[in-house]
Asker: 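Input: one structure, supplied below.
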Amino acid sequence: DQQVKQNSPSLSVQEGRISILNCDYTNSMFDYFLWYKKYPAEGPTFLISISSIKDKNEDGRFTVFLNKSAKHLSLHIVPSQPGDSAVYFCAASGAGGGADGLTFGKGTHLIIQP
Amino acid sequence: DTGVSQDPRHKITKRGQNVTFRCDPISEHNRLYWYRQTLGQGPEFLTYFQNEAQLEKSRLLSDRFSAERPKGSFSTLEIQRTEQGDSAMYLCASSGGGATQYFGPGTRLTVL
């Protein structure tokens, strides 16, 4: 049973436009959410995170929105750049203070077209 | 800041052989995690250390897997009697106490 779901395996966006990646979760004990970016043959790179007490967090071109009632979060990238082409993973952490590891979705492959 | 490093980056072995991977976390990070990632999946949690103590193990970590962090710095993950199903990317991550984990480049294991 997948507790973190990324329902879009891939997403194609034109350079300069907004990229919106979505993530849903089922476990109400999750209290911290993270987005990672991954290039082939490399480890995931941390992008941005959000605590469950917030509904928005912004860092440069990246903004994460959290809707707790819908158990849904999204990552907005504006404007999209060619270097943003990668696989993006949504991850969640429970109330175990880090002892429980992160639970990841299957990822969304973002392709930025020129 | 040298980041998390892992060695080797690639390992090819024959079924039944033992393999050992090493992870060096970010300096002064007291938490260290191992994950496994297979094609088309996100990383899956295997085990967690706080300093030298192994505090959590996933049910994915069968008896053939063992991990150590002897002095609370680097960690090793050993797989005994490897099987073809063990072929995956093995990722190590560390954190300084918050929920954000920083990942290494991974070790790609291929079992023939």
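Chain naming here is simple, since letters A, B, ... match the order of the sequence lines and numbering starts at 1 in each. Heavy-atom basis, side chains included; hydrogens, waters and symmetry copies ignored.
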Asker: Hydrophobic clusters here meaning ILVMFWY residues chained together by side-chain heavy-atom distances under 4.5 Å, can you tell me if B:Tyr90 and B:Leu61 are in one?
Answerer: yes
Asker: Is B:Phe49 close to chain A through its backbone or its side chain, or both, or neither, when contacts mean heavy atoms under 4.5 Å?
Answerer: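 No part of B:Phe49 comes within 4.5 Å of chain A.
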Asker: For A:Ile111, does the CD1 atom have more than 12 heavy-atom neighbours from other residues, nucleotides or ligands under 6.0 Å away?
Answerer: yes
Asker: Would you mind checking which part of A:Ala41 comes under 4.5 Å of any heavy atom in chain B, side chain (CB onward), backbone (N, CA, C, O), both or neither?
Answerer: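 Contact with chain B involves the backbone of A:Ala41 alone.
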Asker: Among B:Gly106, B:Pro105, B:Gly40, who wins on heavy-atom pairs under 4.5 Å with chain A?
Answerer: B:Pro105
Asker: Hey, could you give me the CE/NZ distance between B:Met89 and A:Lys38, rounded to the nearest 0.5 Å?
Answerer: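 If I round to the nearest 0.5 Å, the distance is 5.0 Å.
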Asker: Is the A:Phe104-B:Phe45 ring centre distance short of 6.0 angstrom?
Answerer: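 No, the ring centres sit 6.0 Å or more apart.
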Asker: If you count heavy atoms of other groups shown closer than 6.0 angstrom to CZ of A:Arg61, is the number above 12?
Answerer: yes
Asker: With a 4.5 Å cut-off on side-chain heavy atoms, are A:Pro44 and B:Leu91 touching?
Answerer: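 The answer is yes, as the side chains (C-beta and beyond) meet within the 4.5 Å cut-off.
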Asker: Could you give the distance from CG (A:Leu34) to CD (B:Gln101), rounded to the nearest 0.5 Å?
Answerer: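 Nearest 0.5 Å value for the CG-CD distance: 8.0 Å.
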Asker: Do other residues, nucleotides or ligands put more than 12 heavy atoms under 6.0 Å from B:Leu112 CG?
Answerer: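 Enclosed: over 12 neighbouring heavy atoms sit under 6.0 Å from CG of B:Leu112.
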Asker: Transitively linked via ILVMFWY side-chain contacts under 4.5 Å: A:Phe65 with A:Leu21?
Answerer: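 Unlinked, A:Phe65 and A:Leu21 end up in two clusters.
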Asker: Go through it in stages, so that I can follow the logic: the residues are B:Phe103 and A:Phe46, the test is side chain to side chain contact (heavy atoms under 4.5 Å, CB included), and I'd like the CA-CA distance, side-chain angles, deciding distance and then a yes or no.
Answerer: CA-CA 8 Å; B:Phe103 284 80; A:Phe46 170 70; over 6 Å; no
Asker: Just so I know, are the side chains of B:Tyr102 and A:Thr45 near enough to count as touching, which here means a heavy-atom distance under 4.5 Å?
Answerer: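 Side-chain contact under 4.5 Å: no.
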Asker: Can you name the closest pair of heavy atoms from B:Thr100 and A:Tyr32 and give their distance?
Answerer: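 Smallest interatomic distance, heavy atoms only, reads OG1-OH, 3.8 Å.
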Asker: Report yes if the side chains of B:Tyr35 and A:Leu102 come closer than 4.5 Å at any heavy-atom pair, otherwise no.
Answerer: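 With C-beta onward as the side chain, the pair touches.
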Asker: Using the rule that two of Ile, Leu, Val, Met, Phe, Trp, Tyr join whenever any of their side-chain heavy atoms come within less than 4.5 Å, decide whether B:Phe74 and B:Tyr33 are in one cluster.
Answerer: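 Shared cluster, no.
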Asker: Check whether more than 12 heavy atoms from other residues, nucleotides or ligands sit under 6.0 Å from atom CD of B:Glu68, and answer yes or no.
Answerer: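 For B:Glu68, atom CD is not crowded (no more than 12 foreign heavy atoms under 6.0 Å).
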Asker: Check whether B:Gln37 gets within reach of chain A through its side chain, its backbone, both or neither, counting any heavy atom under 4.5 Å.
Answerer: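 Just the side chain, heavy atoms under 4.5 Å.
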Asker: Should we say atom CZ of B:Arg15 is surrounded by more than 12 heavy atoms from elsewhere, each under 6.0 Å from it?
Answerer: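 No, the 6.0 Å shell around CZ holds no more than 12 heavy atoms from other groups.
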